[in-house]
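In what follows, a single structure is set out as structure tokens and then discussed.
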Number of protein chains: 2
Amino acid sequence: MNVDWDDLKAVLHVVRKGTLAAAATELGVNYTTVARRLARAERALGTVLFDRLADGYRPVEAALVVARHASEMETQSLAVIRGIAGRDARLSGKLTVTAPQLLVGPHLTEVIRTFSQTHPEVDLHLRASNDLADLSRREADLAIRISRTPGDALKGLRLSDQHSASFASPGWAEQIKNTPERTIDWVVYDALGTPPKGLDPRFQNNRVVMTCDDMTAMVGAAQAGLGVVRMPVFLGRATPGLVQVPVLPAQPYAEIWVVAHADVWASAKVAAFREVLVPYFKRNRAVFTS
Amino acid sequence: MNVDWDDLKAVLHVVRKGTLAAAATELGVNYTTVARRLARAERALGTVLFDRLADGYRPVEAALVVARHASEMETQSLAVIRGIAGRDARLSGKLTVTAPQLLVGPHLTEVIRTFSQTHPEVDLHLRASNDLADLSRREADLAIRISRTPGDALKGLRLSDQHSASFASPGWAEQIKNTPERTIDWVVYDALGTPPKGLDPRFQNNRVVMTCDDMTAMVGAAQAGLGVVRMPVFLGRATPGLVQVPVLPAQPYAEIWVVAHADVWASAKVAAFREVLVPYFKRNRAVFTS
DNA sequence: CAGGCGATATGCAATTTTGCATGTATGAAT
DNA sequence: ATTCATACATGCAAAATTGCATATCGCCTG
């Protein structure tokens, strides 16, 4: 009575994805192989695990039992990878950093330049991304996030306060200055849907002209003169074609954090990167706050 | 960054056993294979895991990290096996029962006869053994133990009280009856080392003639007339060539329990076996107590 | 009701993994 | 010093696993 651990992994992925093909893609093998691993697992456990349907493999209850434990095994295997990475004392090899796209251009490039001059042996990968890269799966070693929460198993350090303010094209700035009573168009986040709270009382007429789910796009819209956008002050100031407008006074915004999984926080490369990153943000605090 | 789970298993076993050959035996593969799996794991993790010494593989610290997590993976894989076995509703297939050797002859054979007549489809395996079969590893589904403790993750049911008393060969019985003042020789467990507490005050001269670590051997010694042995009453009464002697009055002894891992306790075959076992001991309570 | 899509099944060949046989090194016992 | 036992290293052939090409099945759409 002995099961192949990798067969359990196959069961786990088929339970998760529902089809052989999807599971195979995740596992990086041919789906035929997945089918055969399932068959082997069923033989080893002496029980049927899936109903073979025309539209996929449907797990029977026993497969859910397997998947529950296999999932815990996966957690442990990820912990192995992090544990090894976290003990890595070399200042060489791969280091993956993830950061919001908009922070990269104006700021991180400079941090990265300094870092790679100091540590030329490190093979630095940057994932510019807004989705939270999964630090548990070690898709990135270190993340720079605009958020107050470091997350559960993660360790973090606050890099900087931030303020936001309202920015728009010079045309809008002119109009707002000259005729503050005219309607002001806003481009806002989907999640909000309305112009921000805390507007200066001089400006009474505000409406939303567009909502959007991506700040890069909103910056583009603002540059094109579509309306006013609330954004972090570092971004508005650094974006050509935008000027600050007094509609929304500067107000606190989400802080900037650097976070990593606790297991890899102390590793040499991650620590070395922090040693460049933290002083940079300390020096440039004025850029992020009003 | 992806590790083969079975490679982690290889690391675990080599850490535990210290040599390729020993780990290979446990894994049921050739040691060459183990060596290659370690090499693959080291390549995948990008770190050396073992010092290759002439007298074995010595784990470096990173290997201990791996082993810690792999051990947890092993626990989960065992839980899978038990979880599947525990859901098994069939009254067919393999069922492994373990019991102390000395209970088998006089009693369990009858239980087994009844069980296998009622459930002829069950492939019953009996492991007569004194060492606690590892119910976590499912080396047995169900254990009959002489002990008060069901154990940690185990579920149990008390089958019977037990009393012990002193037994010896008819020659000794004669001598004890006629000349109670003469020295009485004892054969006792290693763990004790001295004649039992609670002797009848009529018998003042007692000495240990031999200590032993196995009850079967002690029974043999008693039959051969070496001395008096304290044993469960069911055993003394059922053993030809032994008679009870009044040196040690009957006194409580370890209870008889049936235990199983909680995961498999409710499975059909284990439940069915209990349904024969428990009434048998209920009916025969008098055989085990004085 | 024909055709296309998405999903699984299966035979066969390529590749990978495994085991065996043999060789080497080290330390303990004679 | 020699021998023996134990443990690892490696080349090669056998066995097992894998991927590919192709076939099949059911469903939805037009």
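Numbered from 1 within each chain, the chains take letters A, B, ... in sequence-line order.
Near DNA chain D, meaning a heavy atom under 4.0 Å from it, residues 13-36 of chain A has A/Val29, A/Asn30, A/Thr32, A/Thr33, A/Arg36 in order of number.
For the pair B/Arg52 and C/dA25, the criterion of a side-chain N or O lying under 4.0 Å from OP1 or OP2 is not met.
The main-chain N or O of B/Thr96 is found under 3.5 Å from a side-chain atom of B/Asp141 such that the two form a donor-acceptor pair. At distances below 3.5 Å, at least one donor-acceptor pair connects side-chain atoms of A/Asp134 with backbone N or O atoms of A/Ser136. Proximity of a side-chain donor or acceptor of A/Glu42 to a complementary backbone N or O of A/Leu49 within less than 3.5 Å is detected.
One interatomic measurement links the two molecules: CG of B/Asp51 to P of C/dT26, which rounds to 15 Å at whole-angstrom precision. The CZ-P distance, from A/Arg37 to C/dT16, rounds to 14 Å in whole Å. In this structure, CG of B/Leu38 is placed 15 Å from C1' of C/dT18, rounded to the nearest angstrom. Atoms CG (B/Leu53) and P (D/dA9) sit 10 Å apart, rounded to a whole Å. In this structure, A/Tyr57 places its OH atom 15 Å from P of D/dG26, rounding to the nearest Å.
With a 6.0 Å cutoff to the six-membered ring centre and a 45° limit on the axis angle, B/Arg82 does not count as a cation-pi contact of B/Trp265.
Within a 6.0 Å sphere centred on CZ of B/Arg52, heavy atoms belonging to other residues, nucleotides or ligands number more than 12.
Contact record, A/Arg90 with A/Lys269: O-CG, 3.4 Å, taken as the closest heavy-atom pair.
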